[in-house]
Protein chains: 2
Amino acid sequence: MVTLREVARAAGVSLATASRALSDAPHVSAGNREHVVRTARELGYRPHHAARTLTTGSTATVGLVLPDLANPFFATVAKGVQGRARETGREVIVADTDEDAAQEHEQVARLLGRVDGLVLCSPRMPADALAALTATGRVVLVNREAPGVPSVSFDVPDGVRQAVDHLRALGHEAVAYAGGPRSSWSDAERRTALDALDDGGARRTIDLGAFRPTHGGGVQAADLALAAGATAVLCFNDLVALGVLARLHARGVRAGRDVSVVGFDDVPAATLVTPALTTVALPLARAGRDAVDLLGPGPDAGSDAGLAAAHRRLPVELVVRASTAPAPSRSTAPAADPEVVIR
Amino acid sequence: MVTLREVARAAGVSLATASRALSDAPHVSAGNREHVVRTARELGYRPHHAARTLTTGSTATVGLVLPDLANPFFATVAKGVQGRARETGREVIVADTDEDAAQEHEQVARLLGRVDGLVLCSPRMPADALAALTATGRVVLVNREAPGVPSVSFDVPDGVRQAVDHLRALGHEAVAYAGGPRSSWSDAERRTALDALDDGGARRTIDLGAFRPTHGGGVQAADLALAAGATAVLCFNDLVALGVLARLHARGVRAGRDVSVVGFDDVPAATLVTPALTTVALPLARAGRDAVDLLGPGPDAGSDAGLAAAHRRLPVELVVRASTAPAPSRSTAPAADPEVVIR
DNA sequence: TTGTAGGCGTTATCAA
DNA sequence: TTGATAACGCCTACAA
C-alpha cells in the first residue's frame with residue numbers, strides 16, 4: 001500500500017505539504033500542489049479511510065437500518081439513500097433486521113459507532129423504545145414519526161383522502177378498509193385519516209379488521225369484504241390488494257367491475273396483474289434521498305449548506321388503473337360483460 | 001466518547017490489560033478480565049472502529065456492488081450478503097451502479113479501499129475489463145463467471161434443461177426462446193444450453209430474438225411467438241415472461257392452455273398473476289451468502305476456518321405453476337374450456 | 001500476568 | 001508558504 005509519506009518523499013516535500021496539496025487546502029504553492037497531485041496519481045496513492053476517520057472524526061458513512069432488504073418497498077428507499085449518499089461523498093452501510101423489532105435496537109446501536117448518522121426505515125419498535133434509541137441524535141426516521149426526531153414520511157392522510165374521493169366519485173358508498181397489523185404505525189395513520197373522512201352518514205367505511213400485510217392477508221380480507229356487501233375495498237398495501245384481487249377472481253367476482261380495489265405503495269407488480277391495480281404511489285426513493293439530506297451535508301458539501309428542516313411529509317399520488325370503476329347500480333344484476341371475455 | 005484508556009483507568013489496570021480483557025485474549029487474570037468487562041459496560045464503552053482498523057488492518061466490512069438495488073433479484077442477493085456478513089461479524093457497504101457498466105469500475109475501485117473484500121453482482125462490463133478489475137483479488141463474482149476469479153453462479157444450463165424437458169413432456173414441439181440482451185452473459189449461457197438440447201430434428205427451439213429484459217420486452221416477444229406458431233415460450237426472465245402472459249391475455253390467447261410460458265428467476269410477482277408463472281427458481285440469497293464465505297472468514301471466525309473453493313455453481317429448480325400445460329392437440333380446435341370461466 | 005512504548009496513516013497545530 | 005510534531009484510539013511486541 002502506498003502511503004502519503006511515500007508520496008511526500010517522492011515529490012520531495014513534507015508530509016504536511018503533501019496532505020494539504022491532496023486535500024486541496026490553502027497555503028500550498030501552485031507548483032507544489034500540482035507536482036504532489038501528479039506523483040500521487042503516478043504512485044497510485046489512495047488515502048487510507050480509517051486513518052482519515054481517526055483524525056477527522058468523520059466516517060463519511062451513512063447507516064441504513066430497515067426491516068427487509070428483499071422487500072421492494074424498502075429496497076427502493078435504500079436505493080434513494082445510496083444514491084444521495086454517494087452524490088454527497090458518503091458510503092452506505094446497510095443492515096437488515098428481518099422484520100424483528102428486537103434487532104432494530106442492536107443494529108442501530110452497533111452501526112452508530114461506525115457512521116456519521118443513520119436512517120432508520122419503518123422501525124417496528126414501540127414509541128418509547130424509539131425515543132430512547134434516537135436520543136443520541138444522528139438518526140433520521142423514514143415512514144415513521146416520533147416527537148423530537150427528524151423524519152421523512154408520506155402524506156398518507158391525503159392519499160387516503162384521494163382514494164376515498166375517487167371511490168365516492170365513482171358512486172361507491174360501501175367502502176371497506178382491509179387494515180394492516182394493529183402494531184403498525186402506518187396502519188394507525190390510515191385509520192385516523194379514514195375516521196376523519198367519515199361523515200357519520202351513509203358514506204361510512206366498513207372496517208374489515210386487521211390482516212397480515214401479505215397476499216394471504218388480502219385473500220382473507222376479500223371474503224370478509226364480500227360478506228359485508230362492500231363494493232369497494234381500500235387496502236393497507238398493494239400486497240393485500242393483490243390478494244384481494246386474486247380471491248375475487250377465484251370467487252367469480254369481477255374486480256374493477258363488480259368490486260373496486262385500491263392499494264397502497266404502487267409496487268412493481270401493481271401494473272403486472274389484470275386488472276392493473278389502482279393504488280396510492282409513494283415517493284420511496286425520494287424519501288431515502290431526503291433522509292440523507294436531513295442527516296446534514298456530507299464531506300463534499302459547500303460552505304453554504306443550509307440546515308435542513310426536522311420533518312418532511314412527502315406528497316403522495318393516487319394512480320388510477322383498471323381495478324377501480326363505477327359502482328354497479330344497486331337495482332340491476334351485474335350486466336352482461338360487454339368486453340370480450342378472455343379468461 | 002469513552003475510550004479504552006478511560007476504561008483502563010477506571011478499572012485500575014493498564015491499557016494493555018484492558019485491551020486484552022475486552023478482546024478476550026489470553027494472559028489476563030480471570031479477576032481482572034471480569035472487572036474490566038464490567039467497568040467497560042458501565043461506562044458504555046464502544047471500541048472505535050477506525051482505530052481498530054488502523055492497527056489490525058481489518059475493516060470488518062464487505063463491499064457489495066450491484067446494478068440496481070430496487071430490482072428484487074439483486075435486492076435478494078443483497079439480503080443474503082448482508083445476513084451472512086453479519087453472522088460473521090462484518091458490515092456491508094452497498095453500492096448501486098444504476099445498470100451502468102462504467103460506474104462498476106469506479107465503485108469497485110473506490111470501495112476496495114474501505115473493505116476487506118467485495119462481492120460484485122451481475123457485472124455488465126466486458127470480460128477483459130472485469131479481469132483487470134479483479135486482478136487485485138478480494139473480489140467475488142455473483143451471477144457471472146470469469147477465469148481466475150472466484151464466483152458464485154447458478155446452474156442455468158440445468159435450469160434450461162428442466163424447463164425444456166418439462167415442456168417436451170407436455171407434448172410441446174415448437175418451443176420458442178425469448179432472449180435477453182445480446183451483451184448479457186447469462187443470456188449467452190441460456191442460449192448455449194438450448195443449443196445443446198437441440199437434437200436437430202423436429203424438437204428444435206425457435207429463436208425469437210433479443211428483447212429488453214422487461215415487461216415490455218415480453219409484450220413484444222409474445223406477438224413474435226404467436227406469429228411463429230410456438231405453443232410454448234421460454235423467457236429470459238420472469239419480467240419478460242410476465243409481459244408475454246399479459247400480451248397473450250390481451251390477444252385472447254389463453255396462457256397455460258393454448259400457449260405455455262416459462263420464466264426465469266421466480267420473482268415475487270410470479271405467484272401473483274393469473275395464471276401463476278412456471279419458472280426456474282434461483283437461490284439468490286444463498287448465492288449472496290456463499291459469496292461472502294468465498295471472501296474468507298470474518299473477524300468472528302474460529303481458527304479452523306477452511307479455505308473455500310473458488311467456484312460454486314448453485315442448483316436451480318423448476319417451479320411448475322399454471323402457466324404451463326399440455327400442448328393443445330394439433331388437429332382439434334381449442335376445446336371448450338371445462339373450467340368455470342370466471343374472467 | 002502485567003505494563004510500557006511504538007506504530008498504524010492522516011490531519012492539524014504550531015514554529016520557522 | 002513550508003515543515004516538524006503531536007494527536008486520534010487501539011493493538012501488540014517486548015520488557016518487567
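So that the names make sense, note that chain A is the first sequence line, chain B the second, and so on, each numbered from 1. Fair warning: this is a prediction, and the values are worked out from it, not measured in the lab.
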Margin query: Under the rule for side chain to side chain contact (heavy atoms under 4.5 Å, CB included), what residues qualify as partners of B:P47, not counting sequence neighbours?
Written below: B:Y45, B:R52
Checklist line | Bounds of contact between DNA chain D and chain A, in 5' to 3' order, using a heavy-atom cut-off under 4.0 Å | finding: D:dT1 to D:dG9
Next item on the list: For A:R138, check side chain to side chain contact (heavy atoms under 4.5 Å, CB included) against everything at least two apart and list the hits.
Entry: A:L112
Checklist line | Sequence neighbours excluded, every pair satisfying salt bridge (Lys or Arg N to Asp or Glu O under 4.0 Å) that has a member inside residues 108-118 of chain A | finding: A:R110-B:E91
Note to self: OP1 or OP2 of C:dT2 versus the side-chain N and O atoms of B:N32: is any pair under 4.0 Å?
What the structure shows: yes
Next item on the list: Would you please name every residue forming a side chain to side chain donor-acceptor pair (under 3.5 Å) with A:E189, sequence neighbours left out?
Entry: A:R313
Next item on the list: Could you pull out all residues at least two apart from B:D290 that satisfy side chain to side chain donor-acceptor pair (under 3.5 Å)?
Entry: B:R286, B:R312
Next item on the list: Could you tell me, to 10°, how much the axis swings from one end of the helix from C:dT1-D:dA16 to C:dA16-D:dT1 to the other, five pairs per end?
Entry: 40°
Next item on the list: Can you check each nucleotide of nucleotides 4-16 of chain C against protein heavy atoms at under 4.0 Å and return B for base, S for sugar-phosphate only, - for none, in 5' to 3' order?
Entry: B--BBBBBBB---
Next item on the list: Could you pull out all residues at least two apart from B:T134 that satisfy side chain to side chain donor-acceptor pair (under 3.5 Å)?
Entry: none
Item checked: Donor-acceptor pair between A:R86 and B:Q103 side chains, under 3.5 angstrom -> yes
Margin query: Tell me which pairs pass side chain to side chain donor-acceptor pair (under 3.5 Å) where either residue lies in residues 16-34 of chain B, with sequence neighbours left out.
Written below: B:S14-B:T17
Note to self: I'd like to check the side chain to side chain donor-acceptor pair (under 3.5 Å) partners of B:R90; sequence neighbours left out, ordered by chain and number.
What the structure shows: B:T88
Item checked: Residue pairs passing the salt bridge (Lys or Arg N to Asp or Glu O under 4.0 Å) test where at least one lies in residues 67-77 of chain B, sequence neighbours excluded -> A:K79-B:D68
